[in-house]
Undergrad: 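Below are the structure tokens for one structure; questions will follow.
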Amino acid sequence: MNDASLGSQLGSQVLMARQPIFDRQQRVVAYEILYRTENETEGAVFYGGSQATSEVLLNEYTSICDAGEIKRVPAFLNLTYDIVVEGNIPDLPKKQIVLELLEDATIDEAFINGVKNLVDQGYRIALDDFVYGPEYIPLLELAHIVKIDVLAHTHEELVELIKIIKPYKVSLLAEKIETHEMLEACIGMGFKLFQGYFLSRPKLIKGRKISTGQIALLQLMQALQNPNVKPEVLEKLIITDPVLTYKLLRIVNSSAYSLVRKVESISEAIVMLGIPQIKKWTTLIAMSTNADKPEELSRALLIRGRMSENVAEHQKKINASSYFMSGMMSGLHALLDIERDKMLEQVPLGDEIKAAICDGSGDIGMVLNNVINYEAGNWDLLPEDFDGEIYEQSYREAMQWTKEAMQAMTEN
């Protein structure tokens with residue numbers, strides 16, 4: 001099935017996004033697939049049991065470049081009471097699927113039998129937003145993963161809940177981790193898996209400023225916003241940074257471009273790649289400068305930037321590259337470990353981009369807000385005239401572009 005046929009099935013009726021699930025080393029080990037259909041019916045990812053469509057979606061939404069290698073991670077898929085009882089699930093690769101039972105499902109004999117059937121077929125089961133009650137004992141005996149909303153409990157309540165769950169052979173997943181301190185506390189309590197927005201927040205270091213090398217890179221990124229910038233101007237900026245020079249040459253000589261001869265100078269690279277590609281690769285290099293940060297943060301911001309640009313292009317916006325920059329810069333402060341306002345003071349960005357990032361104003365801000373809400377699965381915050389088809393297509397293309405870009409960065 002190609003993208004065209006997949007798109008025709010998705011149409012404007014389905015919105016999909018993904019949220020990463022991490023291990024203790026902050027490596028992505030799975031994604032929860034978030035989705036909404038026109039009638040808000042969960043389980044739409046299966047499209048009436050279409051195995052081919054489901055596998056295409058799994059390939060697209062769980063395939064990433066991780067440490068230079070393309071790999072697939074498992075997908076957590078939400079199931080309603082009806083889907084569990086009816087058992088209407090295609091034969092999907094069991095290692096790539098974790099079936100997540102929603103917390104509002106009625107726990108009765110039919111539901112428990114449905115879960116038993118899924119386990120007998122080889123599926124792994126996760127219990128979502130778990131709150132203990134005696135009726136959950138049969139499910140605890142069947143489950144592999146238990147997800148707990150850590151914001152909904154005090155520390156004492158979490159400790160008590162973990163004691164109750166401990167006798168069962170399950171892995172604990174902490175949901176809604178919002179800070180690094182919360183992450184460390186949950187690790188100490190025995191959680192093995194983690195989900196939340198803590199990666200979007202920097203570890204603030206008092207008085208920290210952007211380094212000279214980082215400023216030079218950001219100045220280059222700003223120069224690239226000028227559609228009339230001359231290649232020789234860019235070359236002068238690029239060659240001041242040996243690492244940037246090396247990486248750009250390595251990229252243009254990678255298999256991503258399949259050139260018949262090697263490019264040996266920055267001026268050749270600029271001509272060969274063109275200004276739009278130089279801009280994107282420079283941005284990618286900026287995202288990868290902090291080796292201490294989880295790779296997922298760079299991946300998420302690149303997807304956001306590229307998706308914003310794609311939406312702008314679909315909507316015939318002027319200077320779509322500014323939308324790319326606003327998306328990427330909206331979270332760059334977390335990579336630089338500096339407050340957003342402090343970063344914006346130190347970075348030479350246009351007023352429209354700064355306004356979009358600070359208060360969501362203007363056309364750029366409107367698209368940026370929609371993209372951020374889309375990627376978080378905050379469907380109810382999207383406007384009534386929201387074009388789901390454009391955003392869905394832009395999101396999938398952005399994931400693919402980011403995967404290929406991050407792979408090219410690590411090629412020798």
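All residue numbers refer to positions in the sequence shown, counting from 1. Please read all numbers here as calculations on a predicted model, not as lab measurements.
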Undergrad: Of all residues at least two apart in sequence or in a different chain, which pass the side-chain hydrogen bond (donor to acceptor under 3.5 Å, both in side chains) check with Glu375?
TA: Arg304
Undergrad: Side-chain contact test, heavy atoms from C-beta onward, threshold under 4.5 Å: evaluate it for Tyr31 versus Glu296 and give yes or no.
TA: yes
Undergrad: Taking it one step at a time, do Ile162 and Phe191 satisfy side chain to side chain contact (heavy atoms under 4.5 Å, CB included)?
TA: CA-CA 9 Å; Ile162 291 169; Phe191 286 92; 3.8 Å; yes
Undergrad: Taking the side chain as C-beta and beyond, is there a heavy-atom pair between Asp128 and Phe76 under 4.5 Å?
TA: no
Undergrad: Could you check whether Glu404 and Gln400, counting side-chain N and O atoms only, form a donor-acceptor pair closer than 3.5 Å?
TA: yes
Undergrad: Are more than 12 heavy atoms from other residues, nucleotides or ligands located less than 6.0 Å from atom CD of Gln96?
TA: yes
Undergrad: Which distance, rounded to the nearest 0.5 Å, do you find between the CG of Leu127 and the CG of Leu99?
TA: 11.5 Å
Undergrad: Decide side chain to side chain contact (heavy atoms under 4.5 Å, CB included) for His180 and Gln26; before the verdict, give the C-alpha distance in whole Å, the side-chain angles of both, and the deciding distance to 0.1 Å.
TA: CA-CA 11 Å; His180 287 273; Gln26 297 183 40; 4.3 Å; yes
Undergrad: Do Arg306 and Leu302 have side chains that approach each other closer than 4.5 Å (heavy atoms only, starting at C-beta)?
TA: no
Undergrad: Regarding Asp359 and Ser361, do their side chains bring together a donor and an acceptor under 3.5 Å, going by distance alone?
TA: yes
Undergrad: Tell me if a side-chain donor or acceptor on Asn378 pairs with a main-chain N or O of Leu381 at a distance below 3.5 Å.
TA: no
Undergrad: In terms of relative ring orientation, are Tyr395 and Tyr374 parallel, tilted or perpendicular, with 30° and 60° separating the classes?
TA: tilted
Undergrad: What's the verdict on side chain to side chain contact (heavy atoms under 4.5 Å, CB included) for Gln195 and Leu173, showing C-alpha distance, side-chain angles and the deciding distance?
TA: CA-CA 7 Å; Gln195 191 173 7; Leu173 188 157; 3.8 Å; yes
Undergrad: Could you tell me whether the side chain of Glu141 reaches within less than 4.5 Å of the side chain of Tyr168, counting heavy atoms only?
TA: yes
Undergrad: Answer yes or no: does atom NZ of Lys192 have more than 12 heavy-atom neighbours from other residues, nucleotides or ligands under 6.0 Å?
TA: no
Undergrad: Looking at Val170 and Ala143, what are the two nearest heavy atoms and their distance?
TA: CG1-O, 3.4 Å
Undergrad: What are the two closest non-hydrogen atoms of Leu34 and Ala376, and how far apart are they?
TA: CD1-O, 3.7 Å
Undergrad: State whether the side chain of Arg124 and the backbone N or O of Lys95 hold a donor-acceptor pair below 3.5 Å, judged by distance alone.
TA: yes
Undergrad: Roughly how far, to the nearest 0.5 Å, is CD1 of Ile145 from CG of Leu101?
TA: 11.0 Å
Undergrad: May I ask you to decide if the ring planes of Tyr391 and Phe386 are parallel, tilted or perpendicular, using 30° and 60° as cut-offs?
TA: tilted
Undergrad: Sequence neighbours excluded, which residues qualify as side-chain hydrogen bond (donor to acceptor under 3.5 Å, both in side chains) partners of Asp149?
TA: Lys176
Undergrad: Quick one: closest heavy-atom pair of Ala174 and Val150, and the distance?
TA: CB-CG1, 3.7 Å
Undergrad: To the nearest 0.5 Å, tell me how far Tyr136 OH sits from Ile164 CD1.
TA: 13.5 Å
Undergrad: So, taking the atom named OG in Ser322 and the one named NZ in Lys317, what distance separates them when rounded to the nearest 0.5 Å?
TA: 12.5 Å
Undergrad: Flag the pair Glu389 / His314 as yes when at least one side-chain heavy-atom distance between them is below 4.5 Å, and no otherwise.
TA: no
Undergrad: Between Asn310 and Gln393, is there a side-chain heavy-atom distance shorter than 4.5 Å?
TA: no
Undergrad: Could you walk me through whether Val159 and Glu156 pass the side chain to side chain contact (heavy atoms under 4.5 Å, CB included) check?
TA: CA-CA 5 Å; Val159 171; Glu156 291 74 19; 5.7 Å; no
Undergrad: If the test is side chain to side chain contact (heavy atoms under 4.5 Å, CB included), which one of Met307, Arg299, Glu397 qualifies with Thr402?
TA: Arg299
Undergrad: Mark yes or no for whether Lys354, through its side chain, and Leu344, through its backbone, hold a donor-acceptor pair below 3.5 Å.
TA: yes
Undergrad: Does any non-hydrogen side-chain atom of Asn319 lie less than 4.5 Å from one of Glu352?
TA: no
Undergrad: To the nearest 0.5 Å, what is the distance between OH (Tyr323) and CE (Met366)?
TA: 7.0 Å
Undergrad: Are Tyr81 and Phe111 close enough that their ring centres sit under 6.0 Å apart?
TA: yes
Undergrad: Which pair of heavy atoms, one from Val28 and one from Val73, lies closest together, and at what distance?
TA: O-CG1, 3.9 Å
Undergrad: For residues Leu15 and Gly388, report the shortest heavy-atom separation together with the two atoms involved.
TA: CD2-CA, 3.5 Å
Undergrad: Tell me, please, which residues at least two apart from Lys230 pass salt bridge (Lys or Arg N to Asp or Glu O under 4.0 Å).
TA: none
Undergrad: Work out which heavy atom in Thr62 is nearest to a heavy atom in Ala75; give both atom names and the distance.
TA: CG2-CB, 3.6 Å
Undergrad: Given side chains that start at C-beta, do those of Leu142 and Ile125 come closer than 4.5 Å, heavy atoms only?
TA: no
Undergrad: Enter the distance from Asn373:CG to Leu368:CG here, rounded to the nearest 0.5 Å.
TA: 9.5 Å
